[in-house]
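One structure below.
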Amino acid sequence: MQISLYRFDPDTDESPRTDSLELDLPEGRDLMVLDVLELLKAEDPSIAYRRSCREGVCGSDGINMNGRNGLACITPVSEAAPRGKLTLRPLPGLPVVRDLVVDMSQFYRQYEKIKPWLVNDTAPPARERLQSPEDREKLNGLYECILCACCSTACPSFWWNPDKFVGPAGLLQAYRFLADSRDTATAERLAALEDPFSVFRCRGIMNCVSVCPKGLNPTRAIGKIRSMLLSQGI
Amino acid sequence: MVGGLYAIGEVACVSVHGANRLGGNSLLDLVVFGRAAGIHIEEAMRQGINRRGPSEADVDRATARLARWNGSESGESVAELKRELQRLMLMDFNVFRSGDNMRSSIGELAGLRERIAVAHLADKSRVFNTARLEALELDNLLEVAEATAIVAEARTESRGAHARDDYTERDDDNWLCHSLYFAPGKRVGKRSVNFAPQTVETFKPTERSY
Ligand code: SF4
Ligand code: SF4
């Protein structure tokens, strides 16, 4: 198989380059893209990428495969490269640390902004804050996010304003707490999002939905936040 | 005991599940002891924690290990040696084991230690160097693999999810205990299991309401 791999090590390289590599894949098995990276790394240990759980749970190995963001560990080679040539690049829009490793600071800063924790100023009960099954159900499709950044780095609005637009991943989590029956900070949360950038930079391009490896729908969550903001009359 | 160093879950090895290790075991360990450790840490922070820093010798050992890899100029690759370690552990220290195979593989592990000690780190970059990380990890993996192997061979019985074909029965007279491993000298020790009765108040069944 032919592989084109983005390489850059600021310690030794003046500028990024693309390596063209050849790899013999085992017959009769459809490897995941992460397996391909591991095979390449066994030959050339200097290839850098993040990985950990190798089963789509930790969110470390978000990369760009043939133009599309996804998790290398759960993307079959046949799906990433149906025409036989695999092109691997770092997630777009974030600064590259080395090879396929990007600096996620900007992404995490946006996540931190939305206060991703439960706020409840009433005294905690003796055991736990209960929630009805119906209210719990409202969090489905929201809490499963693994913060892989595939969505935000596929979003043109995030590319242009990564410092001001919260981005699909952050907004999905913002709505996760807005929708939580146990959270009492709804008004403050909405107030923090009402500026023209945080939410309203979303143009409904839906790139985020099409790449999310967990099948989540940030665009819908963003729509719900918009209606909450609008019904508040801002 | 190292004051201020907390361990929970499988590294702490409190053995809530005895000789079993089924999928999901680690979760109970994490949830129960993670909470207990959190409560303990909060309390300890309030009272002033008695933390022990590293000694000069600790730091020297750690930097010597790093310098060894950084200074390596040729030798076998980390990937090659790791593959070999994986093969040994998968073949001879799986659920079903035999004394003969374990003893021969323990010999091979000792040989692997010598090879790892002169192995080569090709990538010396100072930026996000995962090759260096994997080299250091290989040192650690070997330590853990050897501990696992030597203790498994020493325990001459079958228990829970551990089956030996040369000792097929459970042996409570000799092995109703935790196995301990001391890396210096590769020594195996025993620690008795705490059977002191613990009483927990039962919950009264009530209707579930919200
Ligand atoms: S729908 Fe909004 S958040 Fe999602 S990719 Fe488009 S602009 Fe970005
Ligand atoms: S919403 Fe999906 S794509 Fe975005 S960070 Fe979460 S899991 Fe990744």
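Here is how names work: the chains are called A, B, and so on, in the same order as the sequence lines, proteins then strands, and each is numbered from 1. Computed over heavy atoms, backbone and side chain alike; hydrogens, waters and symmetry mates excluded.
- More than 12 heavy atoms of other residues, nucleotides or ligands lie within 6.0 Å of NZ in A:K113, so this atom counts as buried by the packing criterion.
- Taking CG of A:D44 as the start and CG of B:D123 as the end, the distance is 8.0 Å to the nearest 0.5 Å.
- Residue A:E144 qualifies as enclosed at atom CD: its count of foreign heavy atoms under 6.0 Å is above 12.
- With a 4.5 Å cut-off on non-hydrogen atoms, A:V97 touches chain B through its backbone and its side chain both.
- Counting heavy atoms of neighbouring residues, nucleotides and ligands inside a 6.0 Å radius, atom CZ of B:F96 does not exceed 12 of them.
- At a heavy-atom cut-off of under 4.5 Å, chain B is reached by A:D9, A:P10, A:D11 from residues 3-37 of chain A, listed in order of number.
- Contacts between A:R129 and chain B at a heavy-atom distance below 4.5 Å are absent for every atom of the residue.
- The neighbour count for B:R103 CZ, taken as heavy atoms of other residues, nucleotides or ligands under 6.0 Å away, is above 12.
- A distance of 11.5 Å separates NZ in A:K41 from OG in B:S77, rounded to the nearest 0.5 Å.
- Applying a 4.5 Å heavy-atom cutoff, the residues of residues 127-155 of chain B that approach chain A are B:V127, B:F128, B:N129, B:T130, B:A131, B:E134.
- Applying the 6.0 Å contact sphere to CE of B:M91 captures no more than 12 heavy atoms from other residues, nucleotides or ligands.
- Counting heavy-atom neighbours within 6.0 Å of B:R87 CZ, excluding the residue itself, gives a total above 12.
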